[in-house]
Amino acid sequence: QLEYRPMSQKPSQKCRKNLTMDIKMHFSEWDHMWHWTLVGYEDASAIHTSKSLDISTALNDIKERIAVMMDDEAKNYR
């Protein structure tokens with residue numbers, strides 16, 4: 001027989017907020033480079049842009065920038 005237990009209405013610990021980001025990428029025929037922009041909406045100053053010769057480098061740069069943004073957000077959380 002199952003026993004009914006109501007869920008707690010209070011979180012057991014403080015939760016981090018979500019990071020909302022937009023990533024825009026395009027390849028330029030003019031300079032033959034991948035251009036990207038990363039915008040973080042929690043912090044209006046979190047706008048990052050760069051360009052790379054190949055898509056794998058561009059994606060790796062974006063991945064590293066997101067990791068830095070998440071780390072910064074975690075420091076502000078503490």
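Keep in mind that what you see is a predicted model, and the values were worked out from it rather than measured.
For S50, the side chain to side chain donor-acceptor pair (under 3.5 Å) test picks out no residue, with sequence neighbours left out.
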_Verdict with reasoning, I23 to M25, per side-chain contact (heavy atoms from CB on, under 4.5 Å)_ = CA-CA 7 Å; I23 302 168; M25 286 184 77; 4.3 Å; yes
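Taken to the nearest 0.5 Å, the CG atom of D71 stands 13.5 Å off from the CD1 atom of I66. The CD atom of E64 lies 13.0 Å from the NE2 atom of H48; values are rounded to the nearest 0.5 Å. To the nearest 0.5 Å, the span separating CG on D61 from OG on S56 amounts to 9.5 Å.
Side-chain atoms of T57 and D54 include a donor-acceptor pair closer than 3.5 Å.
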What donor-acceptor contacts under 3.5 angstrom involve side-chain atoms of residues 32-40, with partners at least two apart or in another chain?
unit_1	atom_1	unit_2	atom_2	d
H32	NE2	E29	O	3.2
H35	NE2	D31	OD1	3.2
H35	NE2	D31	OD2	2.9

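F27 and L59 end up in the same hydrophobic cluster when Ile, Leu, Val, Met, Phe, Trp and Tyr side chains are linked at under 4.5 Å.
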